[in-house]
Protein chains: 2
Amino acid sequence: MNDCSYVHTFTYGDDSLAEIHPEHAHIIEQTKANMPSDEILEKTAEVFKVFGDKTRIRILAALSEGEMCVCCLCDLLEMSQSAVSHQLSVLKAARLIKSRREGKQMYYSLDDAHIGAILCTGISHVEED
Amino acid sequence: MNDCSYVHTFTYGDDSLAEIHPEHAHIIEQTKANMPSDEILEKTAEVFKVFGDKTRIRILAALSEGEMCVCCLCDLLEMSQSAVSHQLSVLKAARLIKSRREGKQMYYSLDDAHIGAILCTGISHVEED
DNA sequence: AAAATATATGAACGATTGTTCATATGTTCA
DNA sequence: TGAACATATGAACAATCGTTCATATATTTT
């Protein structure tokens, strides 16, 4: 068991507890107050989950060069049309990409400037080793 | 089947193919040339995969306010010590956080400025709705 | 209208993941 | 040294995920 979790009960009358980590309670309360809501954090995790797959990252990296149709992506990634299309629908549902139709073809592109920025920072983090 | 993937064979003698999407081949080749290597993209996906979990995002959000010990995180997140510790080890293995020991306690903090930036941009993307 | 083309989608299956439970390791204090 | 405390870790199990295969939908062409 871990008594540290009871520090925030503010038992200042009891020296044996109060003296150990009197500042932890403040840190916990303050951090809790400054953090985004659980709902926001959950949605953020869902967004990153979509970034967290090699196929989808490759698609995003390709689209960051400009819009592209499904068949080009299949060719570029050397993957089946079905696999690519499934991942495109995941990316679209998460609003990381958007689409437009031109005749028989669908053209996909990054939804938003944030997407390129997140991708770019992630790549920079990996490259700096 | 999807003939679009054969456009880049440059069959300019065959009008029926060459006229459909003569520019696709260039787009594919140029995109391929500009994209980061598959190895970089795979590593990038692995990094985002680590961001893609609610518990880990909550830990990162907490640590972006400053370093914190394991017991404080357990209290803050209202989760078991084991669950938190397991996720801390995942975050550490991916070098998203670093640790230092002070007596019996381990203090964790964000590893790098990129981590806070990625988290922050992700949250911004979610909040702008 | 029928055939061809481009893309989307449901079912299924193996692979990966996050938690819990039990226990091990490392540090301090008496 | 032994007890208490703080954290780490292995095994296991349910749940989630990404691909393949088969098929459906939408658009254009003949």
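Letters A, B, ... are given to chains in the order of the sequence lines, protein chains preceding strands, and every chain is numbered from 1.
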Qualifying residues under salt bridge (charged side-chain N to carboxylate O under 4.0 Å, His left out), relative to [X], sequence neighbours excluded:
| X | result |
| --- | --- |
| B:Glu78 | none |
| A:Glu42 | B:Lys54 |
| B:Glu46 | B:Lys49 |
| B:Glu128 | none |

Practice task
Please assess A:Lys98 against A:Ser109 for the test side-chain contact (heavy atoms from CB on, under 4.5 Å), listing each intermediate value before the final yes or no.
Solution key: CA-CA 6 Å; A:Lys98 58 193 174 190; A:Ser109 55; 3.6 Å; yes
Please set out all donor-acceptor pairs under 3.5 angstrom arising from side-chain atoms of residues 85-92 of chain A, sequence neighbours excluded.
residue: A:Gln87; atom: OE1; partner: A:Arg56; partner atom: NH1; Å: 2.8
residue: A:Ser89; atom: OG; partner: A:His86; partner atom: O; Å: 2.9
residue: A:Lys92; atom: NZ; partner: A:Ser99; partner atom: OG; Å: 2.9

Problem - Closest to side chain of B:Tyr108, choosing from C:dT27, D:dA8, C:dT7 - result: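 So the side chain of B:Tyr108 is nearest to D:dA8.
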Exercise for the section: Side chain of A:Ser85 only, please: which of C:dT7, C:dT19, D:dA6 is the nearest? Expected result: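 Minimum distance to the A:Ser85 side chain belongs to C:dT7.
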Exercise for the section: With sequence neighbours excluded, tell me which residues meet side-chain hydrogen bond (donor to acceptor under 3.5 Å, both in side chains) with B:Glu127. Expected result: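 Applying side-chain hydrogen bond (donor to acceptor under 3.5 Å, both in side chains) to B:Glu127 gives none.
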Handout entry: Partners passing side-chain hydrogen bond (donor to acceptor under 3.5 Å, both in side chains) against A:Arg95 (at least two apart in sequence or in another chain)
Key =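 Once residues adjacent in sequence are excluded, the partners of A:Arg95 under the side-chain hydrogen bond (donor to acceptor under 3.5 Å, both in side chains) criterion are B:Asp129.
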For the pair made of [atom1] in [X] and [atom2] in [N], what is the distance, rounded to whole Å?
| X | N | atom1 | atom2 | result |
| --- | --- | --- | --- | --- |
| B:Leu77 | C:dT19 | CG | P | 10 Å |
| A:His24 | D:dA6 | NE2 | P | 10 Å |
| A:Met106 | C:dT7 | CE | P | 9 Å |
| B:Met68 | D:dA6 | CE | P | 17 Å |
| A:Ile59 | C:dT7 | CD1 | P | 13 Å |
| A:Ile57 | D:dC17 | CD1 | C1' | 16 Å |
| A:Lys104 | C:dA6 | NZ | C1' | 7 Å |

Practice task
Check each residue of residues 42-56 of chain B for a non-hydrogen atom within less than 4.0 Å of any atom in DNA chain D, then write out the ones that pass by number, or none.
Solution key: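 Nothing qualifies; none.
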Exercise for the section: Kindly state which residues belonging to residues 87-102 of chain B come within less than 4.0 angstrom of DNA chain D, counting heavy atoms of the residue only, listed by number. Expected result: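 Heavy-atom cutoff 4.0 Å gives no residues at all.
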Between the protein and nucleotides 21-24 of chain C, which nitrogen or oxygen pairs are less than 3.5 angstrom apart?
residue: C:dC21; atom: N4; partner: B:Ser82; partner atom: OG; Å: 2.7

Practice task
List in chain and number order the residues that pass side-chain contact (heavy atoms from CB on, under 4.5 Å) with A:Glu39, two or more places apart in sequence or in another chain; answer none if no residue qualifies.
Solution key: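 For A:Glu39 the side-chain contact (heavy atoms from CB on, under 4.5 Å) partners, ignoring immediate neighbours, are A:Ser37, A:Lys43.
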Practice task
Please list all pairs passing the ring-ring contact (aromatic ring centres under 6.0 Å, His included) test where one or both residues lie in residues 50-70 of chain B, with sequence neighbours left out.
Solution key: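 Every pair satisfying ring-ring contact (aromatic ring centres under 6.0 Å, His included) with a residue in residues 50-70 of chain B: A:Phe48-B:Phe51.
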Practice task
Rounded to the nearest 0.5 Å, what's the gap from CD1 on B:Ile28 to CG on A:Leu77? Could you check?
Solution key: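 Going from CD1 on B:Ile28 over to CG on A:Leu77, the span is 10.0 Å.
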